[in-house]
Amino acid sequence: MSFVRYEQKEQYAVATIDREKALNALNSQVLEDLNTMLDGINFDEVRALIITGAGQKSFVAGADIGEMSGLSKAEGEAFGKRGNEIFRRIETLPIPVIAAVNGFALGGGCELSMCCDIRLAAENAKFAQPEVGLGITPGFGGTQRLVRLIGVGKAKEMLYTCAQIDAQEAYRIGLVNAVYPAEELMDAAEKMAKRIARNAPIAVRATKKAANDGLQTDMDAAVAIESSLFGSCFETEDQKNAMGAFLEKRRPDPFVN
Ligand code: CO8
């Protein structure tokens, strides 16, 4: 049995973390199930991935506190490293990933949402990094991605105070892209996934790679990365198809993977 349900819907897929009785908390098994889910994605068909949590109440309420409570130093480090490896895999997945945050996104849950490209939140979503209240640091990338996403000052406030913020505040500070009534969240996420899937998939992938890789380096190297990926698009059928269609004032043929 897997704690991650995966459903492919034409050109996008939905992965649902389903450990509802523990508010979808991430134990080692959930992490490995996430990893296995990533192994199974058919990138020839799937052009965007949505990650959400089962139920109405929680996206992911963090790493599993019961499992973590007895860890030794070495085990804690190994658990953090494994979580980071899998989250980094999500962040660098060739296709865009949308987090549909349908409730609590605490600790590892907030960190999971932040390794996705885009975060959409339900009105009942709550975000926090409660780790220092539990005697640990964030361990799945929170100290790094939060400062990059919302800026150092606001991130440090969240990291040091453990304060929980609601969806509107998360939107105000740029942690989420948009907020929807809970019952509209998945429709909005799927609509966005379909919009992404309509575009030239090789160009979308190259754009994600340029943005991600560029963020890791200085501007001169970053624009060189962009130039190289931009150039590579001119070898694709999609570029010839789309630009030819524009010049001939017709719709392009369907894009290819
Ligand atoms: N771990 C394990 N179980 C959890 C977790 C969790 N993070 N969150 C909720 N649960 C379980 C509860 O224990 C409870 O189980 P049971 O019914 O068996 O008692 C069930 O889910 C329902 O939870 P509550 O009864 O507490 O529901 P409430 O509505 O009263 O409260 C809250 C909801 C506010 C979300 C509350 O459950 C809570 O505070 N949960 C903990 C949130 C938290 O602190 N998360 C951060 C954990 S630390 C972390 O994520 C670090 C990531 C990096 C790790 C690196 C490791 C080295």
Side-chain angles (χ1 to χ4, degrees), residues 1-5 15-35 38 51-91 97 99-116 119 121-150 154-170 175-176 179 182 185:
M1 196 202 102
S2 172
F3 285 122
V4 180
R5 284 189 271 123
T16 306
I17 298 173
D18 190 355
R19 192 184 170 221
E20 204 178 333
K21 67 177 173 45
L23 302 183
N24 307 320
L26 303 170
N27 62 15
S28 303
Q29 188 58 52
V30 180
L31 284 178
E32 292 312 318
D33 289 346
L34 263 174
N35 196 45
L38 299 174
I51 297 180
T52 192
Q56 311 296 317
K57 191 170 164 182
S58 184
F59 173 68
V60 166
D64 190 294
I65 298 172
E67 184 178 323
M68 280 188 298
S69 62
L71 297 184
S72 65
K73 176 176 184 266
E75 289 165 339
E77 196 173 328
F79 186 53
K81 185 165 176 283
R82 186 66 182 139
N84 267 324
E85 279 167 5
I86 295 167
F87 282 18
R88 185 78 180 123
R89 231 190 125 186
I90 294 171
E91 187 168 48
V97 184
V101 182
N102 57 318
F104 291 114
L106 308 177
C110 186
E111 291 168 311
L112 174 62
S113 80
M114 290 192 291
C115 70
C116 299
R119 280 150 297 288
E123 279 169 349
N124 68 324
K126 297 265 192 300
F127 296 81
Q129 295 291 159
E131 285 88 345
V132 295
L134 291 162
I136 56 173
T137 68
F140 295 159
T143 58
Q144 303 310 306
R145 293 196 180 92
L146 197 61
V147 296
R148 285 164 171 77
L149 261 174
I150 65 170
K154 204 70 199 166
K156 286 183 171 174
E157 180 185 329
M158 283 185 70
L159 292 165
Y160 301 159
T161 63
C162 305
Q164 222 176 75
I165 61 168
D166 64 17
Q168 283 304 338
E169 176 66 357
L175 182 53
V176 303
V179 181
L185 176 67

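Counting convention: from 1, in listed order, for ligands and their atoms alike.
Of the protein's heavy atoms, at least one falls inside 4.0 Å of atom 51 (C) of ligand 1. Protein heavy atoms come within 4.0 Å of atom 45 (N) of ligand 1. For atom 37 (O) of ligand 1, a protein non-hydrogen atom is found at a distance below 4.0 Å. Distance remark: protein heavy atom present below 4.0 angstrom from atom 7 (N) of ligand 1. At least one protein heavy atom sits closer than 4.0 Å to atom 10 (N) of ligand 1. Protein heavy atoms are absent from the space less than 4.0 angstrom from atom 24 (P) of ligand 1. Proximity of atom 48 (S) of ligand 1 to the protein is indicated by at least one non-hydrogen atom lying closer than 4.0 angstrom.
Atom CD of E77 has 12 or fewer neighbouring heavy atoms from other residues, nucleotides or ligands inside a 6.0 Å radius. Within 6.0 Å of CD in E85 there are more than 12 heavy atoms belonging to other residues, nucleotides or ligands.
Scanning all protein heavy atoms for the shortest distance to atom 31 (O) of ligand 1 gives L23 CD1, 4.6 Å. Summary of contacts: the protein heavy atom closest to atom 43 (C) of ligand 1 is A61 O, 3.6 Å. Scanning the protein for heavy atoms near atom 53 (C) of ligand 1, the closest one is G139 N, 3.3 Å. Atom 57 (C) of ligand 1 has as its closest protein heavy atom G76 O, 3.2 Å. With respect to atom 39 (O) of ligand 1, the closest heavy atom belonging to the protein is L106 CD1, 4.7 Å. Of the protein's non-hydrogen atoms, F79 CD2, 3.4 Å is the one closest to atom 56 (C) of ligand 1. At the shortest separation from atom 1 (N) of ligand 1 among protein heavy atoms lies I65 N, 2.9 Å. The shortest contact between atom 27 (O) of ligand 1 and any protein heavy atom is with K57 NZ, 3.6 Å.
Not one N or O of A25 is nearer than 3.5 Å to an N or O of ligand 1, by distance alone.
With respect to K57 and E20, no salt bridge is recorded, no charged nitrogen being found less than 4.0 Å from a carboxylate O.
The backbone N or O of T16 sits nowhere less than 3.5 Å from a side-chain atom of R5 that would complete a donor-acceptor pair. Proximity of a side-chain donor or acceptor of R119 to a complementary backbone N or O of V101 within less than 3.5 Å is not detected.
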> Should E169 and F127 be marked as a side-chain contact (heavy atoms from CB on, under 4.5 Å) after you check the CA-CA gap, both sets of side-chain angles, and the distance that decides it?
Replying inline: CA-CA 9 Å; E169 176 66 357; F127 296 81; over 6 Å; no

>> Does M114 form a side-chain contact (heavy atoms from CB on, under 4.5 Å) with E91? I'd like the steps, not just the answer.
In response: CA-CA 8 Å; M114 290 192 291; E91 187 168 48; over 6 Å; no

> Are N35 and R82 close enough, and set up right, to give a side-chain contact (heavy atoms from CB on, under 4.5 Å), and what steps lead you there?
Replying inline: CA-CA 10 Å; N35 196 45; R82 186 66 182 139; 3.1 Å; yes

>> Does N124 form a side-chain contact (heavy atoms from CB on, under 4.5 Å) with Q56? I'd like the steps, not just the answer.
In response: CA-CA 9 Å; N124 68 324; Q56 311 296 317; 5.6 Å; no

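Contacts between E67 and ligand 1 below 4.0 angstrom, taking non-hydrogen atoms only, are absent altogether.
Look at P130 and you'll find a heavy atom under 4.0 Å from some atom of ligand 1. Put simply, no part of K126 is less than 4.0 Å from ligand 1, judged by heavy atoms. The shell of residues lying under 4.0 angstrom from ligand 1, judged by heavy atoms, excludes Q129. Ligand 1 lies within reach of E111, whose nearest heavy atom is under 4.0 Å from it.
Here the shortest heavy-atom pairing between G108 and F87 reads O-CE2, 3.7 Å. Summarising the geometry of G142 relative to L159, their closest heavy-atom pair is O-CD2, 4.2 Å, with the distance given to 0.1 Å.
Near K21, with a cut-off below 4.0 Å to any heavy atom, the atoms of ligand 1 are 20 (C), 21 (O). Close approach of ligand 1 to L134 is summarised as follows: ligand atoms under 4.0 Å from at least one heavy atom of the residue are 44 (O), 47 (C), 48 (S). Atoms of ligand 1 found under 4.0 Å from any heavy atom of M68, numbered from 1 in the order shown, are 48 (S), 54 (C), 56 (C). Each of the following atoms of ligand 1 lies closer than 4.0 Å to a heavy atom of D64: 1 (N), 2 (C). Those atoms of ligand 1 with a heavy atom of F140 less than 4.0 angstrom away are 53 (C), 54 (C), 55 (C). Per-residue contacts place A22 under 4.0 angstrom from the following atoms of ligand 1 (heavy atoms of the residue considered): 4 (C), 9 (C), 10 (N), 11 (C), 21 (O).
Note that the CZ atom of R19 and the CG atom of N24 stand 9.0 Å from one another [nearest 0.5 Å]. Distance check: M68 CE to S28 OG gives 10.0 Å after rounding to the nearest 0.5 Å. Rounding to the nearest 0.5 Å places CD of E131 at 9.5 Å from CD1 of I65.
A side chain to side chain contact (heavy atoms under 4.5 Å, CB included) with I86 is found for one member of D33, L31, L112 and no other, namely L31.
Side-chain contact between L23 and L106 is absent, with no heavy atoms from C-beta onward closer than 4.5 Å.
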